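These notes concern the structure reproduced below.
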Number of protein chains: 2
Amino acid sequence: MVDVKDISASGRRVPITDEPHDARRLYAIGDLASEFGVSPRAIRFYEDHGLLAPRRIGGNRVYSLRERARLQLILRGKRLGFALADIKELLDLYDVDRDHLEQLRATLSKGRARIAELERQQQEIALTLRELREIGAHIEDTIRRKEARRSSAGRKGAS
Amino acid sequence: MVDVKDISASGRRVPITDEPHDARRLYAIGDLASEFGVSPRAIRFYEDHGLLAPRRIGGNRVYSLRERARLQLILRGKRLGFALADIKELLDLYDVDRDHLEQLRATLSKGRARIAELERQQQEIALTLRELREIGAHIEDTIRRKEARRSSAGRKGAS
DNA sequence: GGAGGACCTTACGTTAACGTCAGATGGTTG
DNA sequence: CAACCATCTGACGTTAACGTAAGGTCCTCC
């Protein structure tokens, strides 16, 4: 019925190609869901909000490698704490409209803002890491002293 | 009525000390709110969830420098995309119970997990930054070409 | 041919993190 | 003393990001 060989027009689990990442490989929603550890519901949710736009074969969603990459970017953005609306903007940066000049300028400016934000985030992470490592060192120190005291002193400072 | 001189037991806007960050300085909720650009409601919310525990003077919340620092940590954590529950754990790392050994070990382990997570986040930010900078360079390039073409060619490629 | 899977849509439920509003208190100021 | 802040405590409203359940379609396999 479908011209794309017999890729799961029904939602079958069988991928169209065996080569793991042929550029023409197609994915069902369940493939991506299990690969990235998210629910199909979440993926559909991203689509509802304009972050993904898979093709359809007989009602079923079919994802190309490009859509897969977009999903990866979405999940990375989430791990960085961005809201979906922000991630959508970020995705728009990735496929630029190379034709119109004003668009390009706008995209560039948004990109720079995003870069600045990420750099600030980077600073704050670095700061937090320094603090945590220092705390960790102190704790290790304290632990070592307690262990030493426990093993050396047999009995003398009761209680 | 209150022994702490006359700090806003009423919620007055007057800080107890002029020295900007005397260790004994006290803050009203409005002070911290306006200083950090968050609402008093948010600050109370953090308290309701155990992230802050200010003293009280006549019903009003009074924040020490330590509480102020904790609030800063909360907000930093938020900017890094952490949930309040996670931030609470992080705060607990900062004031360790130096007495009990098992507690120390647990804290240390939690700290290490948090460090690992931050490092992973750092990697992902670095990756995103590389990508965004590359895209930015391409866009700048495209813009330069378009501008060059526009200024040089007077008329010949109509439409 | 009927049971089982993967997928679909629609719709209501849920959690986190506050916003917003109402009504009350208490100190300060003209 | 009246008006005005800043603050307080509920309590309900809101948004984001899904979870979950219901009911239906379309293969495939025994």
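The sequence lines fix the lettering, A, B, ..., with proteins before strands; numbering per chain opens at 1. Note that the structure is a prediction, hence the values are computed from the model and not measured.
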For Y94(A) and E131(B), test the side chains for any donor-to-acceptor distance below 3.5 angstrom and give the result as yes or no. yes

R98(B), CZ atom: more than 12 neighbouring heavy atoms under 6.0 Å: no

Check the pair V96(B), T142(A) against side chain to side chain contact (heavy atoms under 4.5 Å, CB included), reporting the backbone distance first and the verdict last. CA-CA 11 Å; V96(B) 198; T142(A) 308; over 6 Å; no

Tell me: CG of D48(A) to P of dT10(C), nearest whole Å? 10 Å

Distance, rounded to the nearest Å, where I74(A) contributes CD1 and dA17(D) contributes P: 11 Å

Between dG19(C) and S39(B), is there an OP1 or OP2 to side-chain N/O distance shorter than 4.0 Å? yes

Any donor-acceptor pair under 3.5 Å joining the side chain of R41(A) to the base of dT20(D)? yes

Please state how far atom NE2 in H49(B) lies from atom C1' in dT15(C), giving the value in whole angstrom units. 10 Å

Just the rounded figure in Å: distance from C1' of dA16(D) to CG of L51(A). 12 Å

Interatomic distance, F45(B) CZ vs dA16(C) C1' [rounded to whole Å]: 7 Å

In whole angstroms, how far is the P atom of dA6(C) from the CZ atom of R56(A)? 19 Å

OP1 or OP2 of dC8(C) sitting under 4.0 Å from any side-chain N/O of R44(A)? yes

Identify whether any heavy atom of Y46(B) sits under 4.0 Å from a base atom; if not, whether one sits that close to sugar-phosphate; answer base, sugar-phosphate or nothing. sugar-phosphate

How long is the line joining CD1 of I43(B) and P of dT7(D), in whole Å? 9 Å

Side-chain N or O of R61(A) less than 4.0 angstrom from OP1 or OP2 on dC7(C)? no

Whole angstroms only, please: what is the CG-P distance between L71(A) and dA17(D)? 15 Å

Quick one: CG on D141(B) to CG on L104(A), what's the gap to the nearest 0.5 Å? 11.0 Å

